[in-house]
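Here's the structure, in structure tokens; my notes come after.
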Amino acid sequence: MNLIIIGAQGSGKGTQASLLVERLGLRHVSSGDIFRSAIQNGTELGMQAKSYIDRGDLVPDSLTIHLILALLSEPEYSSGVALDGFPRTRDQAQALDQALPQMQKTIDYAIYLNVPQEKLLDRLLNRYVCEAHQHVYNIRSKPPITAGICDIDGSKLIQRSDDNPENIKHRLHIFFQQTIQVTHFYRAQKKLIEVDGDQPITKVSADIFEAMGLQSEFVA
Ligand code: ADP
């Protein structure tokens with residue numbers, strides 16, 4: 001199974017992607033994580049992507065499309081992926097659509113986590129990630145057991161450098177202007193599952209599984 005998870009910044013996209021990956025045995029492909037690790041490792045790609053990410057802009061399609069498509073054609077991704085953060089523009093969605101047949105892949109569902117804009121800003125300002133593996137927490141809705149420490153790997157919780165108020169507003173604007181078009185693209189293909197993302201994590205997950213006709217570990 002190949003899935004796309006679409007959601008604005010702070011919609012819970014990464015959290016739901018992780019739950020789907022675990023439950024369905026998929027590979028998690030997070031374009032944001034790929035860019036962040038490229039920046040951390042000082043690669044050519046990282047250097048090219050950094051200025052865009054620091055400004056809250058999208059990395060150009062010319063860089064992003066090639067990167068993700070090359071990754072997806074590797075054998076380890078052949079048994080199914082959950083795409084988190086890609087495609088984010090109509091051109092990326094079209095490029096993915098054209099490339100998939102050569103890889104003998106199709107997209108089964110595009111899952112859109114719909115959260116009202118005013119809720120997102122509040123969630124993002126309270127978002128922390130762990131230094132070691134970017135496990136995501138929210139001071140209000142999903143706090144760690146020990147303040148400031150990741151439950152999973154014990155590393156320190158920090159705010160992402162691009163999670164500052166001005167940058168967040170800019171990224172949300174781009175989402176509702178551009179990325180929302182990706183939902184129209186998959187709705188036209190009858191592959192879109194739209195879920196109310198303004199609910200507890202377990203309920204959102206249960207709704208997703210129900211819409212896919214699968215049994216959830218969480219009861220809907
Ligand atoms: P968020 O959803 O909070 O913006 P991500 O981790 O998904 O966080 O992405 C971080 C940044 O990486 C984005 O702001 C953007 O600059 C870049 N990025 C990630 N995915 C893409 C993509 N598909 N196309 C262009 N830029 C991307």
Side-chain angles (χ1 to χ4, degrees), residues 2-18 20-21 28-41 43 45-72 81-100 107 110-115 117 119-131 133-138 141-142 158-183 185-186 197:
N2 296 296
L3 305 175
I4 294 171
I5 329 287
I6 308 166
Q9 292 72 15
S11 62
K13 162 172 70 78
T15 303
Q16 295 300 330
S18 299
L20 285 158
V21 159
H28 189 173
V29 177
S30 158
S31 48
D33 285 350
I34 292 167
F35 285 130
R36 276 186 290 277
S37 89
I39 292 171
Q40 216 169 15
N41 296 329
T43 67
L45 169 76
M47 286 190 290
Q48 287 175 316
K50 189 175 184 323
S51 60
Y52 297 100
I53 294 179
D54 285 348
R55 286 197 302 266
D57 285 329
L58 293 184
V59 177
D61 282 350
S62 53
L63 271 180
T64 309
I65 291 173
H66 176 74
L67 172 79
I68 304 292
L69 294 185
L71 193 81
L72 291 179
V81 293
L83 291 174
D84 164 2
F86 180 91
R88 225 171 173 111
T89 63
R90 184 172 272 276
D91 284 352
Q92 289 180 10
Q94 265 156 359
L96 177 67
D97 229 36
Q98 277 163 20
L100 286 174
I107 296 300
I111 299 158
Y112 173 41
L113 305 178
N114 192 350
V115 179
Q117 255 187 85
K119 294 272 169 99
L120 294 166
L121 193 62
D122 188 57
R123 282 192 187 182
L124 287 161
L125 294 171
N126 293 299
R127 175 161 86 173
Y128 283 76
V129 295
C130 82
E131 228 167 15
H133 297 102
Q134 284 80 51
H135 295 122
V136 181
Y137 295 86
N138 186 291
S141 60
K142 194 189 161 199
I158 52 168
Q159 278 202 294
R160 259 169 51 177
S161 63
D162 58 351
D163 275 354
N164 56 71
E166 215 168 285
N167 202 315
I168 286 170
K169 280 183 200 151
H170 181 54
R171 276 149 59 218
L172 287 175
H173 178 76
I174 294 174
F175 179 86
F176 287 104
Q177 288 288 308
Q178 284 198 43
T179 307
I180 201 72
Q181 293 176 30
V182 177
T183 64
F185 184 88
Y186 290 104

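One-based numbering, in listed order, for ligands and for the atoms of each. Everything numeric here is computed off the predicted structure, so don't read it as measured data.
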Among all protein heavy atoms, pick out the one at the shortest distance from atom 10 (C) of ligand 1; state its residue, atom name and that distance to 0.1 Å.
Arg36 NH1, 3.6 Å
Examine the proximity of ligand 1 to Asp163 and report which part, side chain or backbone, both or neither, has a heavy atom under 4.0 Å away.
neither
State plainly whether the residues Asp61 and Arg88 are in salt-bridge range, i.e. N to O under 4.0 Å.
no
Using a plain distance cutoff, I'd like to know if Phe86 has any nitrogen or oxygen under 3.5 Å from a nitrogen or oxygen of ligand 1.
no
Using heavy atoms and a 4.0 Å limit, tell me yes or no: is Arg127 in contact with ligand 1?
yes
Please report the closest heavy-atom contact between Ala93 and Pro87, naming both atoms and the distance.
N-CB, 3.4 Å
Among all protein heavy atoms in this structure, tell me which lies nearest to atom 20 (N) of ligand 1, with the distance rounded to 0.1 Å.
Ser31 OG, 2.7 Å
Shortest heavy-atom approach to atom 8 (O) of ligand 1 - which of Arg55, Gln178, Lys50, Arg160
Arg160
For atom 7 (O) of ligand 1, what's the nearest protein heavy atom and its distance?
Arg88 NH1, 3.1 Å
Measure from the side-chain N and O atoms of Thr183 to the backbone N and O of Ile180, and report whether any donor-acceptor pair falls under 3.5 Å.
yes
Gln9 side chain to Lys169 backbone, donor-acceptor under 3.5 Å
no
I'd like to know if the side chain of Asp33 pairs up with that of His28 as donor and acceptor (distance under 3.5 Å, no hydrogens or angles considered).
no
Checking a contact table here: which protein heavy atom is nearest atom 27 (C) of ligand 1, and how many Å away?
Phe35 CE1, 3.7 Å
For atom 9 (O) of ligand 1, closest protein heavy-atom neighbour
Gly32 CA, 3.6 Å
Closest non-hydrogen atom pair between Val59 and Ala49, with its separation
CG2-CB, 4.0 Å
Does ligand 1 come near enough to Gln92 that some N or O of the ligand is less than 3.5 Å from an N or O of the residue?
yes
Nearest 0.5 Å, what's the NZ-CZ distance between Lys142 and Arg127?
11.0 Å
At a 4.0 Å threshold, what atoms of ligand 1 neighbour a non-hydrogen atom of Arg171?
1 (P), 3 (O), 4 (O), 14 (O)
Based purely on interatomic distance, does Ile53 place a nitrogen or oxygen under 3.5 Å from a nitrogen or oxygen of ligand 1?
no
If the cut-off is 4.0 Å to any non-hydrogen atom of Thr64, which atoms of ligand 1 fall inside it?
22 (C), 23 (N), 24 (N), 25 (C)
Ionic contact status for Asp122 with Lys119, cut-off 4.0 Å:
no
Below 3.5 Å, N or O to N or O, backbone or side chain included: is there any such pair between Asp57 and ligand 1?
yes
Just which atoms of ligand 1 are under 4.0 Å from any heavy atom in Lys13?
2 (O), 7 (O)
Taking all non-hydrogen atoms of both residues, which atom of Gln92 and which atom of Ile65 are closest, and how far apart?
CG-CG1, 3.7 Å
Hey, which atoms in ligand 1 end up nearer than 4.0 Å to a heavy atom of Gly85?
20 (N), 21 (C), 22 (C), 23 (N)
Passes side chain to side chain contact (heavy atoms under 4.5 Å, CB included), Tyr112 versus Val182? Steps please.
CA-CA 10 Å; Tyr112 173 41; Val182 177; over 6 Å; no
protein heavy-atom neighbour closest to atom 26 (N) of ligand 1 works out as Val59 N, 3.0 Å
Would you say Asp33 has any N or O atom under 3.5 Å from an N or O of ligand 1, going by distance alone?
no
Stepwise salt bridge (Lys or Arg N to Asp or Glu O under 4.0 Å) test for Asp163 and Arg171
CA-CA 10 Å; Asp163 275 354; Arg171 276 149 59 218; 3.2 Å; yes
